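The structure appears right after this line, and notes come after that.
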Amino acid sequence: MSQPDPRPDRAPAPGFLAAPPGALVPPRRRPPTEHEHESPDAWGFRDTYFRINERGHAVLEGNRYELSGQELTEFLPWMRRSFGVPLEPAAARPSRYPPAVPEPRHNPAFRAELEKFLPAAAICEDPLARLRRGHGHTLTELYSIRYGRLARVPDLVLFPRDEAEVERIVQAARAHGACLIPYGGGTNVSEALRCPPEEQRLIACVDLRELDQLLWLDPHNRMACIQAGAVGRHIAAQLRELGFTLGHEPDSLEHSTLGGWIATHASGMKKNRYGNIEDIVLDAEVVTAGGRLARAQALPRESTGLAPGRWIFGSEGNLGIVTRAVLRVSPLPELQQYDSALFPDFASGVEFLRELAHAGAAPASVRLLDNLQFQFGQALRTPRAGLAALRGRAERAFVTRVRGFSLEQMCACTFVFEGSRDQVRAQRRTAARLLRRHGGLRAGAENGRRGYQLTFSIAYIRDFALELGLLAESFETSIAWSQVVPLCTAVKARLAREHAARGLPGRPLVSCRVTQVYATGACVYFYFAFAGHGVEQPHEVYAELERAGRDEVLRAGGALSHHHGVGKLRQRFLPRILSPAALEWTAALKRGVDPDNVFGAGNLWRP
Ligand SMILES: Cc1cc2nc3c(=O)[nH]c(=O)nc-3n(C[C@H](O)[C@H](O)[C@H](O)COP(=O)(O)OP(=O)(O)OC[C@H]3O[C@@H](n4cnc5c(N)ncnc54)[C@H](O)[C@@H]3O)c2cc1C
């Protein structure tokens, strides 16, 4: 990526505006319909949420997912036993959304400039629209909008319709001293969108939702140009119709955007086959305070000095606005198969994954769930009757009595194999061989399929649990293979100690899963929850405990984050992992690229 050539005898670099010869230019896609709208104070779609029905069982409302509408008779009893608290529906604490929204600040000169090129509908001061753009999906943020308030939210929300309008917004902000924060899907879990309370300037959120088009697809060269505000589920659906996929499937796919993925350095569940976002994006166009970073074309690879386009990964809205990107696309796989396995314990599962990664035939996705997560998945099963129940009991007896697995130790692994028939066959053969070596037991395609289809529906449980007084959140890291098991043990022990030291009610739940594998190590997710009944400001206690968990991750040699990013949540830990010169490099880059701090979200490093 380079600045447009300033010499007058050459045309400026055109950017990715023109479709290359032979590319398909699809018609404009319809805008999202009403039923696709999101909940204002909880994760996901408005029509989908957990509730307790008249028989006292948890049910997922709506009809989007396989779990929807099913009475989950085991779920609440399992939660009560596990947390050691009653979880009475009558004691539920309904959301008090919306909170009071801070009054907007004004900047008449900036506003007058905006009105010269934006229609009235693209400049929004609505309090709830401003509120939504002032947070992501951390537990603390959700707690604040339901039971407290946010100290500062954007004063304006802007909806540019094209790149030229984005450029003019940035120029106007620079000229008139406004602060800008780019917004994609608002799904981050790093407090990246939280407005710095000390910011005195007007804060305008630049919502990219109108820049949501697949601009062109070049099937021959396997590239597509997509605008940054496009939402994952729309990108996936549109590419699928054309026979292609990005292969980037974060668990937030339904609501997160291409620009957000780039800005947070995201990773999807199928990264083993398709790569992380930085492997998939060939190049991106970015509007910075100094102008538009653009280049004529995206090429397979180049050696042309420093590549500013690479600095945009993980920039978290601090350096500019990504407006479009050229990405590598892959043809839809010939075959997709699920499978699952059981291991006697977590350590054997981790060794299996390590050898699978080294064998070079890892499935598109493989996940290892510890015993608690395995039990959690079982608690979400609907009751089985007749033959299915008999079969269930027989399988259980085989696993425990014949194979000697302990119900309190065993853990589960789920697989998605993708590729050509030959590739899938090779992946399966390798997995089967290593499974035998590590004492694993095949647990069937259906369990594997179910595990993956639960991904999108279990994301709704956290906000349901909050109503029942449970505080829950996940955090992730990456770590070398040799440290995976010690890390998991240390984090679980530390959170249990911190919980006990504060005399918090009931028992804490800490579980983990391995979600992405590399030759050198793995990505590990922790899920931590406790009952906040009778606890003053439980979300602050949660934040304290999560920081303790993060401290333990760093002590064990783990990454500050594998893919959620830094935002403001993990900023304080940066000096533990970066040298002073490395921190100053980040600060100097920011000063150089954005001397007036137009992009003032305050993420990453703030000296
Ligand atoms: C249930 C759930 C599951 C999740 N699963 C995953 C997962 O599997 N993998 C993963 O990586 N993450 C995951 N996340 C985290 C989150 O979805 C990602 O961080 C995602 O990339 C954020 O995208 P977004 O469009 O929502 O960005 P936003 O939340 O809107 O913004 C995030 C940051 O990016 C900046 N930004 C947004 N758009 C642009 C742009 N066009 N130009 C410049 N900066 C921009 C914002 O200013 C902000 O700093 C999950 C979150 C939730 C709640």
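Everything numeric here is computed off the predicted structure, so don't read it as measured data. Heavy atoms only: backbone and side chains are in, while hydrogens, waters and symmetry mates are out. In each ligand, atom 1 is the first atom listed, and ligand 1 is the first ligand listed.
For the pair R513 and L369, the tightest heavy-atom approach, listed with the atom from each and the gap, is CB-CA, 4.1 Å. Looking at every heavy atom in both residues, R146 comes nearest to L466 through CD-CD2, 4.0 Å. The two atoms that bring P182 and G320 nearest to each other are CG-O, 4.0 Å, heavy atoms only. Contact record, H562 with S267: CE1-OG, 3.4 Å, taken as the closest heavy-atom pair. Here the closest heavy-atom approach between residue D155 and residue P104 is recorded as OD1-CA, 3.5 Å.
Contacts with ligand 1 closer than 4.0 Å are made by heavy atoms of both the backbone and the side chain of H563. Residue contacts with ligand 1 for T257 involve both N, CA, C or O and side-chain atoms from C-beta outward (heavy atoms, distance under 4.0 Å). Contacts with ligand 1 closer than 4.0 Å are made by no heavy atom of T323, backbone or side chain.
Ion pairing between a basic and an acidic side chain is recognised when a charged N comes within 4.0 Å of a carboxylate O; E163 and R292 show no such pairing.
The shortest contact between atom 49 (O) of ligand 1 and any protein heavy atom is with E316 O, 3.0 Å. For atom 41 (N) of ligand 1, the nearest non-hydrogen atom of the protein is V322 O, 3.0 Å. Scanning the protein for heavy atoms near atom 8 (O) of ligand 1, the closest one is D251 N, 2.8 Å. Ranking protein heavy atoms by distance to atom 31 (O) of ligand 1, first place goes to N188 ND2, 4.0 Å. At the shortest separation from atom 16 (C) of ligand 1 among protein heavy atoms lies T187 OG1, 3.2 Å. Among all protein heavy atoms, the one lying closest to atom 34 (O) of ligand 1 is A263 CB, 3.3 Å. Counting only heavy atoms of the protein, atom 21 (O) of ligand 1 lies nearest to T264 OG1, 2.9 Å.
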Test ring-ring contact (aromatic ring centres under 6.0 Å, His included) on F526 and F528 and set out the steps. CA-CA 6 Å; F526 291 95; F528 171 50; 10.0 Å; no
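Of the options W261, W43, Y183, the smallest heavy-atom separation from atom 53 (C) of ligand 1 is shown by W43. Residue nearest to atom 46 (C) of ligand 1, selected from P182, G259, G317: P182 (by heavy-atom distance). When the options G260, G186, S252, C523 are ranked by their closest heavy atom to atom 28 (P) of ligand 1, first place goes to G186. Nearest-heavy-atom check against atom 9 (N) of ligand 1 across A192, A266, S267, A459 picks out S267.
Not a single N or O atom of S256, backbone or side chain, sits closer than 3.5 Å to an N or O atom of ligand 1. Considering backbone and side-chain atoms alike, E249 places every N or O at 3.5 Å or more from each N or O of ligand 1. For H137, no nitrogen or oxygen atom sits less than 3.5 Å from a nitrogen or oxygen atom of ligand 1, counting backbone and side chain alike. Considering both main-chain and side-chain atoms, G185 comes within under 3.5 Å of ligand 1 through a nitrogen or oxygen pair. For ligand 1, none of its N or O atoms has an N or O atom of V189 under 3.5 Å away. Of the N or O atoms in H255, none lie within a sub-3.5 Å distance of an N or O in ligand 1. Between P250 and ligand 1, not a single N/O pair is under 3.5 Å apart.
Within the structure, ligand 1 has G320 among the residues with a heavy atom less than 4.0 angstrom away.
With ligand atoms numbered from 1 in the order given, ligand 1 contributes 49 (O) to contacts under 4.0 Å with heavy atoms of N603. Of all the atoms in ligand 1, the ones that sit under 4.0 Å from a non-hydrogen atom of H564 are 12 (N), 13 (C), 14 (N), 15 (C). For ligand 1, the atoms closer than 4.0 angstrom to any heavy atom of G184 are 25 (O), 30 (O), 37 (C), 38 (N). Atoms of ligand 1 lying under 4.0 Å from at least one heavy atom of I321, given by number and element, are 42 (N), 43 (C).
Ring-plane geometry between H135 and H137 is classed as perpendicular, the angle between the planes exceeding 60 degrees on a 0 to 90 degree scale with a lower cut at 30. Between Y338 and Y452, the two ring planes are tilted [angle within 30° to 60°]. Classified by interplanar angle (parallel below 30°, tilted 30° to 60°, perpendicular above 60°), the ring pair F530/Y542 is parallel.
Inspection of the T455 and R367 side chains reveals an N or O donor paired with an N or O acceptor under 3.5 Å.
Test L67, L60, N63 against T48 for side-chain contact (heavy atoms from CB on, under 4.5 Å) and you get one pass: L60.
For K590 and F599, the positive end is not near the middle of the six-membered ring at less than 6.0 Å and at most 45° from its axis. Cation-pi contact between R64 and F45: present, with separation from the ring centre below 6.0 Å and deviation from the ring axis of at most 45°.
Aromatic pair Y65/Y460: centroids less than 6.0 angstrom apart.
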